[in-house]
2 protein chains.
Amino acid sequence: MSSARATRQREVIAQVIEQAEGPLGVPEIHGRARQILPRLGIATVYRTLKLLTEQRQIHAVAVDGESLYEKTGQGHHHHFSCERCSRVFTLHVCPVDLPGGTVFAGGFLVRSHEVTLYGLCPTCAPQA
Amino acid sequence: MSSARATRQREVIAQVIEQAEGPLGVPEIHGRARQILPRLGIATVYRTLKLLTEQRQIHAVAVDGESLYEKTGQGHHHHFSCERCSRVFTLHVCPVDLPGGTVFAGGFLVRSHEVTLYGLCPTCAPQA
DNA sequence: TTGATTGCAAATAATTTGCAGAGAG
DNA sequence: CTCTCTGCAAATTATTTGCAATCAA
């Protein structure tokens, strides 16, 4: 049976995602990792994202129709997408009041939820 | 200057989206429209979605990393994605308490929000 | 040494564009 | 009649896969 090996590429890609201020897209991950490993191929990024996802080290979240990756184990949280600079941040607040097992009109049984807040980030807000 | 013409294709595509139970993806829109116009090309679907979006007749929402289209003017609402059948529904409820202009810790100025609820739809829930 | 991993390039899948003919106004 | 719109196919763009060389264990 196969075993996953520890390689410099995987180490760097995982670290880029760990240290990010929010979930990152594939081009962003590739770009940041390349500052450390210039010859890193995009195929390796995709393959590593798939591997890390299977290992539950990271997972994908959908924001604005794009798949972004973030580390797991951050607890319940949501995302903030800046309308000016387009960066996405992780926010450890939950503005939703939904007891588990809530049933909505019509019979929709809610098991979990995802919230994306839109507006201006701390950097862009003062400039507005 | 150019003016948009009323064509059968545009009429059918718009109608498919208007009558849907929730936002639809491109393959779904193409499939439903083809039941009426079998020779409808996928390129026309993409071009029409772009046109209708510019006209503000419809708009895109991101659910599970995919762009889905729905008519505008439905008022404040959110979406429910069924974990079993994968269909997406429109729900006219808002479980979020966010007065406009709320500022979150760190200086995030919130202007709007999007919520996606996950669970079992009325059809799938009874079978669970 | 052994076999997993990588970079590159070719293969797919998704979306966009060019173009000649069809159709709206 | 004029000029937009459509279907088809070719062109992009995004993601995946094949393969020989490289590297971890």
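- Side-chain contact check for A:His77 versus A:Glu70: some heavy-atom pair is nearer than 4.5 Å.
- Between the base of C:dG23 and the side chain of B:Arg8 there is no donor-acceptor pair shorter than 3.5 Å.
- With sequence neighbours excluded, the residues satisfying salt bridge (Lys or Arg N to Asp or Glu O under 4.0 Å) with B:Arg32 are B:Glu21, B:Glu28.
- Near DNA chain D, defined here as any heavy-atom distance below 4.0 Å, there are no residues from residues 65-72 of chain B.
- Within a heavy-atom distance below 4.0 Å of DNA chain D, the residues of residues 25-43 of chain B found are B:Arg39, B:Leu40, B:Gly41, B:Ala43.
- In this structure, the helix from C:dT1-D:dA25 to C:dG25-D:dC1 shows an angle of 30° between the axis at its start and the axis at its end, each fitted on 5 base pairs and rounded to 10°.
- In this structure, the salt bridge (Lys or Arg N to Asp or Glu O under 4.0 Å) partners of A:Glu11, at least two apart in sequence or on a different chain, are A:Arg8.
- Taking every side-chain heavy atom of B:Thr7 into account, D:dT6 is the closest of D:dT6, D:dT2, D:dT15.
- Taking the side chain of A:Thr44 as heavy atoms from C-beta on, and the options D:dC8, C:dG7, C:dT15, the nearest nucleotide is C:dG7.
- Phosphate proximity of C:dT6 to A:Arg10: present, with a side-chain N or O under 4.0 Å from OP1 or OP2.
- Of the residues in residues 48-64 of chain A, none has a non-hydrogen atom less than 4.0 angstrom from any atom of DNA chain C.
- Of the residues listed (A:Val61, A:Leu24, A:Leu68), the one engaging A:Val88 in a side-chain contact (heavy atoms from CB on, under 4.5 Å) is A:Leu68, and it is the only one.
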